[in-house]
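To start, the structure itself, in structure tokens.
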Amino acid sequence: MISASPDTVAAIATAPGRGGVGVIRVSGPGAENVALGLLGRLPKPRYAMLAEFKDAQGAAIDQGLALYFPAPHSYTGESVLELHGHGGPAVLQALLARCLELDARPAEPGEFTRRAYLNGKLDLAQAEAVADLIDAASVEAARSAARSLMGEFSRRVQALQASLTELRMRVEATIDFPEEEDVVAVEAARVKAGLEQTLAELERVLAGAEQGALLREGVHVALIGQPNVGKSSLLNALAGEEVAIVTEIAGTTRDAIRQAVDIEGVPFWLVDTAGLRETDDPVEKLGIARTWAAVEKAGIALLLVDAAHGIGPAEQAIIARLPAAIARLTVHNKIDLRQEAPRMLEDDGVWVSAKTGAGMDLLRQALLRLAGWQPAGEGTFLARRRHVRALEDTRAHLHSAAQLAGQLELQAEELRLAQEDLGAITGEHTPDDLLGEIFSRFCVGK
């Protein structure tokens, strides 16, 4: 169904900067008029046409390929014109200005994808996957976003929706015919069994969504400990490059150093922080304050200690100050100085050498475990935190419905609320302010 958008929008669809090719995208009822004004004719639908892009006086602005997609067979569901020219900022701005002269207006962030959603070309979960595919921080995240874009996540949500529709139908039918005791008993048993099956499937979808959210958002890891225990060396070892300065002088790190590390496709955001100790140095005090600020925002804290002396009173004081909700792991570093083998003990952390790299694989596996990563192979789909919350809310309503057997009106209401929460994922029940927030975070031209 084509939206009634009366206006036509245009934007540069390729990233800022210089490149071999730059793309201008135009969408709306005036796309044909833009084509005629720029090219002198309308390209054959879905065929690339070599053409000159001309200004109002007929002078060439650029030469490239033009593609025309008449409504409704386009990305947005509207008539779409794409101009593939040279990727210089000046020529692209000139082409865009010419499109605006021909009665297009500048597109807002995410407006093309928003029009695709409003025209039924994508549901909301797929639309969000477009941005997630662009922003993916790892190959695994990109693959999972592509699966969400292809509709894998949406299909599983829609299957849950279908189950809830059937359950609601059975409950409503029982409400309408309360005098049929045999029917009521049979339908109650079917509703109970259906709720159990739906909850089991919901748990599987929720587990996948949590993994997808982890792939999308990653985990922030704070490296903490006393000065000179090897935090910067560990950051360099995990990153595979010299990100942080390493010296024999204690207290070298004064500010938080952030580095992204990909472990089996999961993005970890490592933060190397100032060593925690008592000091009169005002600059070092600022660094220590920033350390604790980084810890408050982290999901995992790696407490580094020198393997020669282990956890002492200073380390115990650090542990006591850690937030209760943060996952933590003790990393015993510098085992090379004691000629020890790397190992991982359930109650005593992992033993490594940041200098030689010994034990780094054990540490990576420990980080994945603390993050809650459970690889699901090709079935992983990307999800957002709002999707996880919606599934959790759905689960709560289904549990309530299961406990309200015999109270049909209340049970029916819980099932309705559960279905409404699921509908928020794909956009069936989504307020306009949420849509505005989602699409405003897209880049212009997408």
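Hydrogens, waters and symmetry mates play no part in the numbers below; they use all other heavy atoms, side chains included. The residues of the chain are indexed from 1 along the displayed sequence.
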Pi-cation contact, F381 with R156 (under 6.0 Å, within 45°)
no

Would a 4.5 Å heavy-atom cut-off, applied to side chains only, mark L415 and L195 as touching?
yes

Stepwise side chain to side chain contact (heavy atoms under 4.5 Å, CB included) test for L149 and L122:
CA-CA 8 Å; L149 177 57; L122 302 169; 4.3 Å; yes

Please determine whether a side-chain nitrogen of the Lys or Arg among R369 and E264 lies less than 4.0 Å from a carboxylate oxygen of the Asp or Glu.
no

Rounding to 0.5 Å, atoms CG (L363) and CG (L329) come to a distance of 6.5 Å

Rounded to the nearest 0.5 Å, the CD atom of Q161 sits from the CG atom of L422 at a distance of 5.0 Å

Do V221 and L238 touch side chain to side chain, with heavy atoms closer than 4.5 Å?
no

Please report the closest heavy-atom contact between V229 and D306, naming both atoms and the distance.
CG1-N, 4.2 Å

Using a strict threshold of under 4.0 Å (side-chain N to carboxylate O), is an ion pair present between R204 and E201?
yes

Any donor and acceptor pair, going by atom type alone, linking the side chain of Q126 with main-chain N or O of D123 inside 3.5 Å?
yes

Rounded to the nearest 0.5 Å, how far apart are CZ of F268 and NE2 of H220?
12.0 Å

Could you grab the distance from atom CD of E217 to atom CG of D132, nearest 0.5 Å is fine?
9.5 Å

Within the distance-only criterion (no hydrogens, no angle test), does the side chain of S144 pair as donor or acceptor with the backbone N or O of L382 below 3.5 angstrom?
no

Quick test of your reading: applying ring pair (Phe, Tyr, Trp, His ring centres under 6.0 Å), list the pairs with at least one residue in residues 335-367, sequence neighbours left out, ordered by first then second residue.
H332-W351

Partners of E166 by side-chain hydrogen bond (donor to acceptor under 3.5 Å, both in side chains), sequence neighbours excluded?
R170

From CG (L83) to CD1 (I12), nearest 0.5 Å:
11.5 Å

Check for a donor-acceptor pair, side chain of S27 on one end and backbone N or O of V9 on the other, with a separation under 3.5 Å.
no

Once side-chain hydrogen bond (donor to acceptor under 3.5 Å, both in side chains) is applied, do any residues pair with Q158, and if so which ones, sequence neighbours excluded?
none

Please name the residue in the list L202, D421, L206 that meets the side-chain contact (heavy atoms from CB on, under 4.5 Å) test with E392.
L206

Do the side chains of R416 and E420 get close enough for a salt bridge, i.e. N-O under 4.0 angstrom?
yes

Can any side-chain N or O of R216 pair as donor or acceptor with the backbone N or O of A145 at less than 3.5 Å?
no

Any donor and acceptor pair, going by atom type alone, linking the side chain of D62 with main-chain N or O of F53 inside 3.5 Å?
no

Does any N or O in the side chain of K355 come within less than 3.5 Å of the main-chain N or O of N333, such that one atom is a donor and the other an acceptor?
no

Under a 3.5 Å distance rule, please check whether Q411 uses its side chain to pair with a backbone N or O of A401 as donor and acceptor.
yes

Side chains of E315 and Q226, donor plus acceptor under 3.5 Å:
yes

Under 3.5 Å, is there a donor-acceptor pair between the side chain of Q211 and the main chain of Q374?
yes

Would you say the side-chain atoms of H387 pair up with the backbone N or O of R384, donor to acceptor, closer than 3.5 Å?
yes

Please determine if R115 and D7 form a salt bridge, counting it only when a charged side-chain N lies under 4.0 Å from a carboxylate O.
yes

Using the side-chain contact (heavy atoms from CB on, under 4.5 Å) definition, which of the options I319, L303, I300 pairs with R328?
I319

Would you say the side chains of T426 and E428 form a donor-acceptor pair under 3.5 Å?
yes

Separation between CZ (R18) and CG (L92), nearest 0.5 Å, reads 11.0 Å

Hey, is the main chain of I425 close enough, under 3.5 Å, to the side chain of R386 for a donor-acceptor pair?
yes

